[in-house]
Amino acid sequence: MNVTIMEITKESEYQRAMQRRAIRDAKTPEKMKQVKPVVDDSLTLQGKKDKIKSNLQRLAELGKVHPENRYQDLINDIAKDIRNQRRYRQRRKAELVKLQQTNSALNSKTNFYNMQIDSYNQYIKTCMDNLASKGKLSKKPGDSKAKKSKQVSQKYTAARLHEKGVLISIDDLQPNQYKNAIFEISPSETVGVFDVKAKFMGVHLETLPLEYQDLLQLQYEGVAVMKLFDKATVNVNLLIFLLNKKFYGK
């Protein structure tokens with residue numbers, strides 16, 4: 001009879017404790033609430049005891065705990081976790097701060113690169129608009145011949161381009177042979193695209209489409225030299241200068 005009264009008393013105390021916790025949780029702001037453990041609050045105190053016994057028996061069958069020493073190993077591990085809770089919280093807090101700093105740095109870099117992309121796109125658009133407007137043939141009397149002359153093909157020997165600094169070198173070709181190589185540059189039907197023809201000893205070798213926008217991108221990225229036909233190394237800035245002077249009057 002005394003045991004029954006004791007069990008009833010414990011159950012009543014347990015239920016009151018559960019009610020107090022529910023009231024406390026209801027008053028706690030969402031941001032301050034910690035992650036709740038996986039506990040079935042619908043169970044009675046005796047039900048939880050039975051569940052614990054069942055789980056302990058299962059762990060014993062798996063060799064994780066030892067009933068012979070009254071589960072002392074498990075009790076020690078739980079006590080160790082309780083003692084180290086503060087340390088764990090501090091470690092998690094430090095890791096969270098580090099992750100927040102990393103995230104902030106990544107966001108700053110993303111914003112910076114987005115601004116760089118916008119700036120680059122605007123730069124390209126402005127340049128291409130200028131090319132389109134200045135590349136059109138003038139219809140004013142007396143200007144037709146002058147404007148048209150800027151749209152015809154331009155021929156240079158490799159030696160001449162080398163003198164101007166536009167051409168740096170040609171693979172498998174000595175400088176004294178540059179006079180035998182000719183590059184012909186002509187505007188295509190597409191604005192900002194040029195056809196570059198390469199000839200050697202009067203024989204046509206290859207035609208390469210050269211996009212002015214690609215040159216501007218290389219210049220914007222600080223690339224000093226590039227390859228034409230996979231053989232001729234040219235100075236990007238001076239090539240742009242040559243195209244501007246001969247085709248766009250800049």
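These numbers come from a predicted model, not from an experiment.
- The hydrophobic side chain of Val97 is isolated, with no ILVMFWY side chain under 4.5 Å apart from it.
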Please output the side-chain donor-acceptor pairs of residues 218-226 that fall under 3.5 Å, not counting sequence neighbours, one pair per line with the distance.
unit_1 : atom_1 : unit_2 : atom_2 : d
Gln219 : OE1    : Tyr123 : OH     : 3.2
Gln219 : NE2    : Asn237 : OD1    : 3.1
Glu221 : OE2    : Gln217 : NE2    : 3.2

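- Here CG of Leu106 is found 7.0 Å from NZ of Lys109. Values are rounded to the nearest 0.5 Å.
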Checklist entry - Should Lys246 and Tyr156 be marked as a side-chain contact (heavy atoms from CB on, under 4.5 Å) after you check the CA-CA gap, both sets of side-chain angles, and the distance that decides it? => result CA-CA 12 Å; Lys246 295 299 181 181; Tyr156 297 95; 3.0 Å; yes
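- No donor-acceptor distance shorter than 3.5 angstrom exists from the side chain of Ser54 to the backbone of Asp50, with no hydrogens or angles considered.
- Both Ile52 and Ile82 are members of a single hydrophobic cluster when ILVMFWY side chains are connected at heavy-atom separations under 4.5 Å.
- With Arg89 as the partner, the side-chain contact (heavy atoms from CB on, under 4.5 Å) test is satisfied by one option alone out of Arg87, Lys93, Gln85: Gln85.
- Cluster annotation: Val236 is connected to Val166 through the hydrophobic network of ILVMFWY side chains, with a link wherever side-chain heavy atoms come within less than 4.5 Å.
- Asn69 CG to Ile75 CD1: the interatomic distance, rounded to the nearest 0.5 Å, is 8.0 Å.
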**OP:** Test Lys98 against Glu95 for salt bridge (charged side-chain N to carboxylate O under 4.0 Å, His left out), laying out the working first.
**Re:** CA-CA 5 Å; Lys98 186 176 181 180; Glu95 292 176 351; over 6 Å; no
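- The line from CG of Leu96 to CD of Gln100 is 4.0 Å long, rounded to the nearest 0.5 Å.
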Mind listing the side-chain donor-acceptor pairs of residues 187-206 below 3.5 Å, one per line with the distance, residues two or more places apart or on another chain?
unit_1 : atom_1 : unit_2 : atom_2 : d
Ser188 : OG     : Thr190 : N      : 3.3
Ser188 : OG     : Thr190 : O      : 3.3
Ser188 : OG     : Val193 : O      : 2.8
His204 : NE2    : Glu206 : O      : 3.4
His204 : NE2    : Thr207 : OG1    : 2.9

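- Judged as a salt bridge (Lys or Arg N to Asp or Glu O under 4.0 Å), and not counting sequence neighbours, Glu184 has no contacts.
- In the hydrophobic clustering of ILVMFWY residues, with side-chain heavy atoms under 4.5 Å counting as a link, Ile240 and Val234 come out together.
- A donor-acceptor contact shorter than 3.5 Å is absent between the side chain of Asn103 and the backbone of Leu99.
- Atom CG of Leu228 and atom OG1 of Thr233 lie 8.5 Å apart (nearest 0.5 Å).
- No path of Ile, Leu, Val, Met, Phe, Trp and Tyr side chains, each step under 4.5 Å between heavy atoms, connects Leu62 with Leu56, placing them in separate hydrophobic clusters.
- By the neighbour-count criterion of 12 heavy atoms within 6.0 Å, atom CG of Asp81 is densely surrounded, having more than that number from other residues, nucleotides or ligands.
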query = Going through the distances and angles, do Phe247 and Tyr212 end up as a side-chain contact (heavy atoms from CB on, under 4.5 Å)?
reply = CA-CA 11 Å; Phe247 294 97; Tyr212 190 82; over 6 Å; no
>> One pair to check against salt bridge (charged side-chain N to carboxylate O under 4.0 Å, His left out): Arg160 and Glu163. What are the steps and the verdict?
In response: CA-CA 5 Å; Arg160 180 58 178 157; Glu163 290 177 6; 3.1 Å; yes
| said: Could you go through Leu239 and Leu215, starting from their C-alpha distance and side-chain angles, then the distance that decides it, and tell me whether this counts as side-chain contact (heavy atoms from CB on, under 4.5 Å)? | reply: CA-CA 8 Å; Leu239 179 57; Leu215 294 177; 4.0 Å; yes
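- Panel note: side chain Asn235, backbone Leu238; a donor-acceptor pair is recorded below 3.5 Å.
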Listing, residues 170-178 side-chain donor-acceptor contacts under 3.5 Å, not counting sequence neighbours, or none:
unit_1 : atom_1 : unit_2 : atom_2 : d
Asp171 : OD1    : Lys227 : NZ     : 3.2
Asp171 : OD2    : Lys227 : NZ     : 2.9
Gln177 : OE1    : Gln174 : N      : 3.3
Tyr178 : OH     : Ile170 : N      : 3.2

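- Through ILVMFWY side-chain contacts below 4.5 Å, Tyr88 is grouped with nothing and stands alone.
- Judged purely by atom type and a 3.5 angstrom limit, Ser108 uses its side chain to pair as donor or acceptor with the backbone of Ser104.
- The minimum heavy-atom distance linking Leu243 with Leu210 is given by the pair CD1-CD2, 4.4 Å.
- Counting only N and O atoms by type, the side chains of Gln72 and Asn76 include a donor and acceptor under 3.5 Å apart.
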